[in-house]
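The first residue in the sequence is number 1, and the count goes up from there.
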Amino acid sequence: MMNPIRELARGSRLYWLGVKWLRQHPIWFLLLFLPTLVGLGLMVGALLFFWEYQTAIMRTLLFEPGEGWLWVLLYYISKGLLFLAALGLSLLFGLLATNVVAAPLYEQLSCTVEKEKRGYVEEISFWRSLKYIPEELKKVLLIMILSILIFMVPGLNLLGIFITASLVGWDYYDYPMARRGWSLRQRVQEARQDYFAILGFGLWLVIPFVHFILMPMAVAGGTLMALERIDTIERR
């Protein structure tokens, strides 16, 4: 039976094994610097957009307070939770949009990691890797929709950070699966088997204000984790 604590630790460790791989291949650190800058710019843009329209957003999403101090207290608690949720979604949108733009680069990095670890990989040119942008866009839309629904449902939004971590972790885990032409349903099914490891991996990617640095480096570790799952599948 799967041990959740052990799997969380495995996912956390695999992130830093990916960083260790990058340190051994410093050219990739330089290449990943560009999406880091793009991510920072989009994050700042998303924050400025939210700050500009926060009043309209709160007016649209929030109920009017009723009579009595209890209603007023509930109103301000709800307003604070919505503020944090909208802020988190703004940051998430900026960073996931970076993943769409950087998908060809991330795909090439994932291929390089797989080729070194397994000795072979289907060669993919940079221009061919452009086809992964629509695939990445589908994943980003799915993650954004689920994140919005989670943050909007009372109770679930208290667990939003953990659910978002697992969704973002899956985004980086998915490259070798998508490269093999597996359907989205099959990829989600296999990711469920690694859920706690993906959560442990993804928790590094939701640390506020440093995640735009940590996220581009996650491709290597996510690929290593996915390759472990693929090895298990091939031994069945």
[X] versus [Y], closest heavy-atom pair with distance:
X: Ser110; Y: Thr223; answer: OG-OG1, 2.9 Å
X: Gly11; Y: Met225; answer: CA-CE, 4.0 Å
X: Ala218; Y: Leu205; answer: CB-CD2, 3.8 Å
X: Leu199; Y: Ser166; answer: CD1-N, 4.1 Å
X: Leu105; Y: Leu31; answer: CD2-O, 3.5 Å
X: Gly169; Y: Phe201; answer: CA-CD2, 4.0 Å

If you define the side chain from C-beta out and look only at heavy atoms, does anything of [X] sit under 4.5 Å from [Y]?
X: Ile230; Y: Met177; answer: yes
X: Glu114; Y: Cys111; answer: no
X: Tyr106; Y: Tyr175; answer: yes
X: Thr112; Y: Lys115; answer: no
X: Asn3; Y: Phe196; answer: no

Arg10: salt bridge (charged side-chain N to carboxylate O under 4.0 Å, His left out) partners, not counting sequence neighbours: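 Glu7, Asp194, Glu228.
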Holding to salt bridge (charged side-chain N to carboxylate O under 4.0 Å, His left out), I want the full list of residues that pass it with Glu52, two or more places apart in sequence or in another chain.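 Here no residue qualifies.
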Nearest-0.5 Å distance that lies between atom CZ in Arg118 and atom CG in Leu227: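 CG of Leu227 is found 6.0 Å from CZ of Arg118.
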Drop me the distance from Tyr53's OH to Leu48's CG, to the nearest 0.5 angstrom.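 If I round to the nearest 0.5 Å, the distance is 11.5 Å.
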Would you find a donor on one side and an acceptor on the other, under 3.5 Å apart, between the side chain of Tyr15 and the backbone of Leu214?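 Yes: the side chain of Tyr15 pairs with the backbone of Leu214.
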Given Arg179 and Val121, is the side-chain contact (heavy atoms from CB on, under 4.5 Å) satisfied, shown in steps? CA-CA 10 Å; Arg179 188 159 56 245; Val121 69; 4.1 Å; yes
Could you pull out every donor-acceptor pair under 3.5 Å between side chains of residues 16-30 and any protein atom, sequence neighbours left out?
| from | atom 1 | to | atom 2 | distance (Å) |
| --- | --- | --- | --- | --- |
| Trp21 | NE1 | Glu116 | OE2 | 3.0 |
| His25 | ND1 | Trp21 | O | 2.8 |
| His25 | NE2 | Glu116 | OE1 | 2.7 |

